[in-house]
Number of protein chains: 2
Amino acid sequence: MPAPARSLPDPRLPLHARLRDDLARRLAAGEWPPETALPSETALAAAYGVAVNTLRRAFEQLAREGLVERRQGRGTFVRRPALRGSMLRFFRQAEREGGAEIVPESRILARAVAPLPAWAAHGLGLAPGLRGLRLDRLRRWAGSPLLVEEIWLRLPDFARLAKRSPEAFGALLYPLYESECGRVVARVEDEITVGRADAALARQLDIAAGEPVVEVGRVAFTADGVAIEARRAWGRADRFRYRATAT
Amino acid sequence: MPAPARSLPDPRLPLHARLRDDLARRLAAGEWPPETALPSETALAAAYGVAVNTLRRAFEQLAREGLVERRQGRGTFVRRPALRGSMLRFFRQAEREGGAEIVPESRILARAVAPLPAWAAHGLGLAPGLRGLRLDRLRRWAGSPLLVEEIWLRLPDFARLAKRSPEAFGALLYPLYESECGRVVARVEDEITVGRADAALARQLDIAAGEPVVEVGRVAFTADGVAIEARRAWGRADRFRYRATAT
DNA sequence: AAGTGGTCTAGACCACATT
DNA sequence: ATGTGGTCTAGACCACTTT
């Protein structure tokens with residue numbers, strides 16, 4: 001077997017796993033734009049100097065992970081890793097209407113660089129007392145408040161967001177993380193509990209104090225497992241709905 | 001290739017898919033007890049008259065689905081399809097303590113054969129007005145009420161449960177479905193919402209009327225996609241906690 | 001030493017999509 | 001007609017486990 005055309009990590013791993021890792025790296029580096037076809041199996045296998053079936057195993061793994069999509073007779077295509085982890089999936093109003101995804105309006109209420117609270121430091125895996133970027137956000141739906149969020153971001157990764165005009169944040173944060181700071185959220189972990197609104201939260205959500213609210217605690221990770229965002233979100237409990245399937 | 005040793009379904013499917021289906025059928029039929037090793041790759045491949053690699057694809061699929069577990073150097077073992085869909089996964093008190101799973105005590109409060117309510121008929125995919133078996137159940141944890149459940153089962157599948165002594169139901173229903181009625185729950189779909197306790201529910205849960213409660217609506221399916229159970233469960237909202245991961 | 005699953009190769013043929 | 005991915009085969013060698 002001729003020497004591989006590219007350096008591959010950890011030679012103890014099976015060849016197909018190393019191929020998968022290297023292809024994932026090249027995909028993450030943007031070597032092939034989304035929705036375009038990768039080189040064919042035979043071409044890539046020849047470039048790496050491996051058997052076609054070995055490269056196929058790597059492709060199959062990437063397809064299972066959702067990074068690429070295989071289409072018989074056409075090619076293997078890059079998939080944009082559409083995260084199905086929107087905070088809105090927990091609330092009825094945020095669902096499709098007539099097929100299109102509806103995104104509520106967002107407003108940044110406050111922004112500050114400040115010491116991380118204990119829960120955020122813990123979520124980010126940082127020492128308490130280190131500084132982070134705090135965003136307070138209100139999301140509305142058809143004019144009425146839907147979600148209040150307190151978001152803490154790792155610094156200095158997100159330093160550019162500390163300077164950007166709060167009006168120019170747009171409705172969605174994760175695309176902004178990617179375009180402004182080069183950080184792509186690949187996985188989120190959410191923990192849902194039910195509580196009651198105190199006076200301040202009730203005022204923001206336009207409900208009576210003491211009404212039940214759903215709290216979602218979140219930590220968001222990049223593909224290499226680094227926690228970049230810790231978040232707490234509160235929404236009206238009567239708007240909450242979540243569907244779970246277990247096997 | 002010699003004729004397969006066993007009849008395989010739908011010849012249009014790829015061979016490895018037909019092998020997977022046939023092996024899944026034999027597993028479901030209990031041909032090999034759980035925790036025992038299946039015949040080796042080479043033996044099974046020879047019995048089916050296919051190449052080892054083709055049989056491997058079927059095994060890999062079954063392993064991904066959790067029906068079998070492959071152990072290098074030892075064999076391929078039957079896994080009991082441990083459903084990770086307990087209603088208790090939504091409530092904190094139901095978690096492990098010192099490593100062991102703790103199951104709350106259960107009591108059947110009422111049982112009746114009666115016309116299905118609309119929501120249960122819809123969940124079971126049956127015409128409203130057909131009769132089902134209703135179970136009302138209370139689950140307690142450390143002496144205090146945790147969950148109230150209204151369960152509707154398809155008839156005549158579960159007719160034997162209409163005669164069994166309510167004291168002899170035990171703490172878990174799904175194993176009973178299997179042992180008494182031959183129905184194995186393979187998948188559940190849950191929908192979680194938040195409401196408030198009316199007087200009757202509050203009394204059963206030992207909380208004040210108007211306190212927030214979490215309602216879980218469930219439909220349970222067998223491996224072949226037949227809905228056999230529709231359920232509504234109510235628990236104290238302050239005991240609710242659910243962790244979700246999205247990618 | 002023998003048996004198991006895991007990896008890798010090489011090649012034939014098929015199904016699908018585009019030119 | 002050509003190129004793509006999908007299936008299937010046959011066999012070599014490796015790593016792990018048990019005897």
Side-chain angles (χ1 to χ4, degrees), chain A residues 1-6 8-23 27 32-33 35-79, chain B residues 1-6 8-23 27 32-33 35-79:
Chain A
M1 181 178 100
R6 301 184 169 266
L8 297 176
D10 194 346
R12 293 169 307 178
L13 260 54
L15 184 50
H16 63 80
R18 280 175 280 158
L19 281 174
R20 179 247 161 245
D21 290 348
D22 194 61
L23 289 166
L27 285 164
W32 304 285
E35 293 307 309
T36 60
L38 273 68
S40 73
E41 296 178 343
T42 49
L44 266 181
Y48 277 106
V50 301
V52 176
N53 269 343
T54 303
L55 186 111
R56 284 183 62 81
R57 293 207 59 166
F59 267 3
E60 283 163 8
Q61 181 60 31
L62 290 169
R64 271 196 296 273
E65 297 171 22
L67 276 71
V68 302
E69 182 179 351
R70 314 206 73 194
R71 300 179 195 158
Q72 187 171 6
R74 301 197 53 201
T76 302
F77 293 79
V78 188
R79 270 190 30 160
Chain B
M1 182 178 97
R6 300 181 171 267
L8 298 176
D10 194 346
R12 291 170 308 180
L13 260 54
L15 184 49
H16 63 81
R18 282 175 279 158
L19 281 174
R20 178 248 162 246
D21 290 348
D22 194 61
L23 289 167
L27 285 165
W32 303 284
E35 293 307 310
T36 62
L38 273 67
S40 74
E41 296 179 342
T42 49
L44 266 179
Y48 276 107
V50 300
V52 176
N53 268 343
T54 302
L55 185 112
R56 284 183 61 82
R57 293 208 59 166
F59 266 4
E60 284 163 7
Q61 181 60 32
L62 290 169
R64 270 196 296 274
E65 296 171 21
L67 276 71
V68 302
E69 182 179 350
R70 315 205 75 194
R71 300 180 196 158
Q72 188 171 7
R74 302 196 54 200
T76 301
F77 294 79
V78 187
R79 272 191 29 160

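Below, read A as the first sequence line, B as the second, and so on, with proteins coming before strands; counting in each chain starts at 1.
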Check every atom of [options] against the side chain of [X] and return the nucleotide holding the closest atom.
X       : options             : value
A:His16 : C:dC8, D:dG5, C:dG6 : C:dC8
B:Ser40 : C:dT7, C:dT4, D:dG5 : C:dT4
B:Pro14 : C:dG5, D:dT7, C:dT7 : D:dT7

> Tell me, which pairs form a salt bridge (Lys or Arg N to Asp or Glu O under 4.0 Å) where one or both residues lie in residues 36-53 of chain B, sequence neighbours left out?
Replying inline: B:Glu41-B:Arg56, B:Glu41-B:Arg70
>> Between C:dG11 and A:Asn53, counting only base atoms on the nucleotide and side-chain atoms on the residue, is there a donor-acceptor pair under 3.5 Å?
In response: yes
> OP1, OP2 of C:dG3 versus side-chain N and O of B:Thr42: anything below 4.0 Å?
Replying inline: no
N/O-N/O pairs, protein side and nucleotides 15-19 of chain D side, under 3.5 Å:
| residue | atom | partner | partner atom | Å |
| --- | --- | --- | --- | --- |
| D:dA15 | N3 | B:Gln72 | NE2 | 3.3 |
| D:dT18 | OP1 | B:Arg74 | NE | 3.4 |

Take atom [atom1] of [X] and atom [atom2] of [N], then tell me their distance rounded to the nearest Å.
X       : N     : atom1 : atom2 : value
B:Phe59 : C:dG6 : CZ    : C1'   : 14 Å
A:Arg64 : D:dG6 : CZ    : P     : 12 Å
A:Leu13 : C:dT7 : CG    : P     : 10 Å
A:Leu38 : D:dG3 : CG    : P     : 19 Å
B:Leu44 : C:dT4 : CG    : C1'   : 13 Å
B:Phe77 : C:dT4 : CZ    : P     : 11 Å
B:Glu69 : C:dG5 : CD    : C1'   : 13 Å
B:Arg57 : D:dG6 : CZ    : C1'   : 8 Å

> Does A:Ala43 have any side-chain contact (heavy atoms from CB on, under 4.5 Å) partners at least two apart in sequence or in another chain, and if so, which?
Replying inline: A:Pro39, A:Ser40
> What residues form a side-chain contact (heavy atoms from CB on, under 4.5 Å) with A:Ala37, not counting sequence neighbours?
Replying inline: A:Phe77
>> Taking the nucleotide of DNA chain C with the nearest heavy atom to each, does B:Pro39 or A:Thr54 sit closer to the 5' end?
In response: B:Pro39
>> Applying a 4.0 Å non-hydrogen cut-off, can you work out what B:Arg56 is touching in the nucleic acid: base, sugar-phosphate, or nothing?
In response: base
> Is any side-chain heavy atom of A:Tyr48 less than 4.5 Å from a side-chain heavy atom of A:Thr54?
Replying inline: no
> Is any side-chain heavy atom of A:Arg20 less than 4.5 Å from a side-chain heavy atom of A:His16?
Replying inline: no
> Who passes salt bridge (charged side-chain N to carboxylate O under 4.0 Å, His left out) against A:Arg74, sequence neighbours left out?
Replying inline: none
>> Among residues at least two apart in sequence or on other chains, which ones pass salt bridge (charged side-chain N to carboxylate O under 4.0 Å, His left out) with B:Arg57?
In response: none
